[in-house]
Asker: 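Pasting in a structure now, in structure tokens, and then I'll have a few things to ask.
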Amino acid sequence: MTAKPLSGKELAAAIRADVTTRAARLTDASTPPRLTVVTATKDESSAWYVSSIAKAATKVGITCAVLDCGPDASADALRETLRSLSADPAVHGIIMQTPLPQGIRLDDVAGSIDIAKDIDGANPASLGHLAVGHPVFAPATAEAVIELLDHHGIPLSGAHVTVVGRSAVVGKPLAHLLLNRDATVTVCHSRTRDLSAVTERADALVAAVGRAGLITADHVGKEAVVIDVGTNVTQDGGLVGDVAPGAVERASALTPVPGGVGPVTTALLLRHTVQAAERQSA
Ligand SMILES: NC(=O)c1ccc[n+]([C@@H]2O[C@H](COP(=O)([O-])OP(=O)(O)OC[C@H]3O[C@@H](n4cnc5c(N)ncnc54)[C@H](OP(=O)(O)O)[C@@H]3O)[C@@H](O)[C@H]2O)c1
């Protein structure tokens, strides 16, 4: 058996079409939706990612500004920038792009983003709202996993879903989103003993680690659904996930990398921006 590919491209296109209509409505009502991405790095893959968000935003009618604070920015300077953008009524969505300057964690500074504008759920308060079951904005990647499963008709209520990875931007918020949808959730991490024995019991397995090929056929239960969040750049500049090619023989369905979670994540950042603008102009 070979796993059915769970593409994210069609879903992403449908989200972008909806966002385009809503952005035009906002612009007609003199509230053009505006996203600002704050950067503080010279990292090339980050620069590529930011420019791809800016292009995607422009295509759907969202103005996207990039505010570069430079790789030497202090935590205080970043907090002041985020506070000032939060207070600016013309800015509806704010992303604090990572990586940050050495020694600064995202949660050190993201608390200065107004949660109404925190469209990638980086403020620890946004995670708190999610954890109590009333999200304002969830991190887009975590939400993309749920949207993909829904889009492909994979039921969550009562299903055993195992997430490998417990970061504040993917694994932890995803665990809460899954709990909010009545899944039974197991979260694994680098200290999990006998990873494959844990993961193979899951109806659905989400890999969010950042290690190419970590998840092999041995980690996948027979006919489990596998969502590959990982993005790993290969030596020849290609992109691969965390799931080894052999896993397709065990899984019933598997997201491709690229073309799975990634495009849905970007589309959701755009949807969150128009949602934020709609709420702020109501
Ligand atoms: N497609 C998208 O749109 C998108 C968006 C965001 C991120 N990503 C990708 O998703 C992946 C994860 O991102 P992240 O920001 O969450 O990474 P991260 O902050 O580095 O977290 C990685 C997680 O994996 C766990 N881990 C590491 N080695 C492991 C092992 N051998 N066995 C089990 N767990 C292990 C870590 O455990 P500990 O906590 O114990 O260290 C940690 O919880 C990356 O590839 C990233 O590029 C994709």
Side-chain angles (χ1 to χ4, degrees), residues 6-9 11-12 15-16 37 41 43-53 56 95-100 104-108 110 119-122 124 127 130 137-149 162-178 185-200 202 205-216 218-220 226-234 237-244 247 254-272:
L6 299 178
S7 169
K9 288 185 183 169
L11 172 59
I15 294 170
R16 287 195 303 268
V37 184
T41 179
D43 183 84
E44 277 179 24
S45 55
S46 168
W48 179 88
Y49 180 67
V50 170
S51 97
S52 75
I53 292 174
I95 295 174
M96 180 70 247
Q97 179 63 24
T98 55
L100 294 172
I104 304 178
R105 294 190 323 266
L106 181 59
D107 61 281
D108 284 336
I119 57 123
D120 204 16
L127 185 57
L130 179 56
F137 290 112
T141 306
E143 191 175 324
V145 172
I146 304 285
E147 291 272 342
L148 257 176
L149 291 166
T162 295
V163 181
V164 187
R166 59 171 167 182
S167 72
V169 288
V170 189
K172 280 183 186 140
L174 177 56
H176 288 296
L177 285 168
L178 289 163
V185 183
T186 301
V187 180
C188 301
H189 45 79
S190 66
R191 306 292 174 91
T192 299
R193 280 199 296 269
D194 200 355
L195 184 66
S196 62
V198 180
T199 58
E200 72 166 2
L205 174 61
V206 183
V209 175
R211 283 187 56 182
L214 177 78
I215 302 297
T216 66
D218 289 346
H219 295 81
V220 179
V226 181
I227 306 290
D228 194 351
V229 177
T231 51
N232 308 289
V233 180
T234 58
L239 197 65
V240 296
D242 291 344
V243 178
L254 170 66
T255 55
V257 178
V261 176
V264 182
T265 298
T266 306
L268 286 177
L269 289 172
L270 306 177
R271 180 158 87 189
H272 288 177

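Just follow the structure's listing: the first ligand is 1, and inside any ligand the first atom is 1. Quick caveat: nothing in here was measured; it's all calculated off a predicted structure. Sequential numbering from 1 along the given sequence is applied to the chain's residues.
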Asker: Looking at non-hydrogen atoms alone, which of Thr141, Val206, Asp120 comes nearest to atom 2 (C) of ligand 1?
Answerer: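 Minimum heavy-atom distance to atom 2 (C) of ligand 1 goes to Thr141.
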
Asker: Mark up the atoms of ligand 1 that fall under 4.0 Å of a heavy atom belonging to Val164, in ascending order.
Answerer: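 In order of numbering, the contacting atoms are 33 (C), 34 (N).
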
Asker: Write out the residue and atom name of the closest protein heavy atom to atom 19 (O) of ligand 1, then the distance separating them to 0.1 Å.
Answerer: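 Nearest protein contact, heavy atoms only, for atom 19 (O) of ligand 1 is Ser167 CB, 3.4 Å.
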
Asker: Please give me the minimum heavy-atom distance between Ser46 and Thr41, naming the atom from each residue.
Answerer: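 Smallest heavy-atom distance, with atoms named: OG-CG2, 3.7 Å.
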
Asker: Using a strict 4.0 Å cut-off to heavy atoms of Gly262, name the atoms of ligand 1 that fall inside it.
Answerer: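 This gives 1 (N), 3 (O) as the contact atoms.
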
Asker: Can you name the residues that form a side-chain hydrogen bond (donor to acceptor under 3.5 Å, both in side chains) with Ser51, not counting sequence neighbours?
Answerer: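 Result, side-chain hydrogen bond (donor to acceptor under 3.5 Å, both in side chains) vs Ser51: none returned.
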
Asker: What heavy-atom pair brings Val229 and Val170 nearest, and what distance separates the two atoms?
Answerer: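 Scanning both residues completely, I find the closest heavy atoms to be CG1-CG1, 3.9 Å.
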
Asker: When rounded to the nearest 0.5 angstrom, what distance separates SG in Cys188 from CZ in Arg193?
Answerer: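 It is 12.0 Å, given to the nearest 0.5 Å.
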
Asker: Would you name the heavy atoms of Leu174 and Val206 that are closest together and state the gap between them?
Answerer: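 The pair with the smallest heavy-atom distance is CD2-CG1, 3.6 Å.
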
Asker: Give me the residue, atom name and distance of the protein heavy atom closest to atom 41 (O) of ligand 1.
Answerer: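 Here the nearest protein heavy atom works out to Ser190 OG, 3.7 Å.
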
Asker: Which atoms of ligand 1 are found less than 4.0 Å from any heavy atom of Arg211?
Answerer: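 That gives atoms 31 (N) of ligand 1.
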
Asker: Which protein non-hydrogen atom lies closest to atom 28 (N) of ligand 1, naming both residue and atom, and how far is it?
Answerer: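 The answer is Val209 CG1, 3.7 Å.
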
Asker: Could you tell me which atoms of ligand 1, counted from 1 in the order shown, lie closer than 4.0 angstrom to a heavy atom of Val169?
Answerer: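 In order of number, 15 (O).
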
Asker: With a cut-off of 4.0 Å, which atoms of ligand 1 are near a heavy atom of Gly165?
Answerer: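 Listed by number with element, the hits are 23 (C), 24 (O), 43 (O).
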
Asker: Tell me which part of Thr265 gets within contact of ligand 1: side chain, backbone, both or neither, using heavy atoms under 4.0 Å.
Answerer: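 Answer for Thr265: side chain.
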
Asker: If you measure every N/O of Arg191 against every N/O of ligand 1, is any gap under 3.5 Å?
Answerer: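 No, there is no polar N/O contact under 3.5 Å.
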
Asker: Of the protein's non-hydrogen atoms, which lies at the shortest distance from atom 7 (C) of ligand 1, and what is that distance?
Answerer: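 Nearest neighbour among protein heavy atoms for atom 7 (C) of ligand 1, to 0.1 Å: Val170 CG2, 4.0 Å.
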
Asker: Which atom names give the shortest non-hydrogen contact between Val257 and Val240, and what distance separates them?
Answerer: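 The answer is CG1-C, 3.6 Å.
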
Asker: Looking only at protein heavy atoms, which one is nearest to atom 42 (C) of ligand 1, and how far off is it?
Answerer: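 Atom 42 (C) of ligand 1 sits closest to the protein heavy atom Arg166 N, 4.0 Å.
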
Asker: What's the shortest distance from atom 34 (N) of ligand 1 to any protein heavy atom, and which residue and atom give it?
Answerer: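 Checking every protein heavy atom, the shortest distance to atom 34 (N) of ligand 1 gives His189 C, 3.2 Å.
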
Asker: Taking all atoms of both residues into account, what is the closest heavy-atom pair of Thr162 and Ala202, and its distance?
Answerer: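 It is OG1-CB, 3.4 Å.
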
Asker: Could you give me the CA-CA distance, side-chain angles and deciding distance for Val220 and Glu200, then say whether side chain to side chain contact (heavy atoms under 4.5 Å, CB included) is met?
Answerer: CA-CA 5 Å; Val220 179; Glu200 72 166 2; over 6 Å; no

Asker: Got Leu177 and Leu130 here, is their nearest side-chain heavy-atom distance under 4.5 Å?
Answerer: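 In short, these two side chains touch, coming nearer than 4.5 Å.
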
Asker: To the nearest 0.5 Å, tell me how far Ile53 CD1 sits from Thr266 OG1.
Answerer: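 The distance works out to 6.0 Å.
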
Asker: Quick check against the 3.5 Å criterion: does Asp242 have a side-chain atom that pairs as donor or acceptor with the backbone of Val209?
Answerer: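 Checked: pair present.
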
Asker: Any heavy atom of Cys188 sitting closer than 4.0 Å to ligand 1?
Answerer: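 Flag not set, Cys188 not near ligand 1.
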
Asker: Around atom 47 (O) of ligand 1, find the nearest protein heavy atom and jot down its residue, atom name and distance.
Answerer: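 Answer for atom 47 (O) of ligand 1: Thr231 OG1, 2.6 Å.
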
Asker: Would you mind running through ligand 1 and noting each atom that sits below 4.0 Å from a heavy atom of Gly210?
Answerer: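 It comes down to these atoms of ligand 1: 11 (C), 44 (C), 45 (O).
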
Asker: Is it the side chain (CB and beyond), the backbone, both or neither of Thr192 that lies under 4.0 Å from ligand 1, heavy atoms counted?
Answerer: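 Neither part.
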
Asker: For atom 1 (N) of ligand 1, what's the nearest protein heavy atom and its distance?
Answerer: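 Sorting protein heavy atoms by distance from atom 1 (N) of ligand 1 puts Val229 O, 3.6 Å first.
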
Asker: Starting from the C-alpha separation in whole Å, work towards a yes-or-no answer on side chain to side chain contact (heavy atoms under 4.5 Å, CB included) for Ile227 and Leu149.
Answerer: CA-CA 9 Å; Ile227 306 290; Leu149 291 166; 3.6 Å; yes

Asker: With a cutoff of 4.0 Å, is Gly171 in contact with ligand 1, counting heavy atoms of the residue only?
Answerer: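 So Gly171 does not count as touching ligand 1.
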
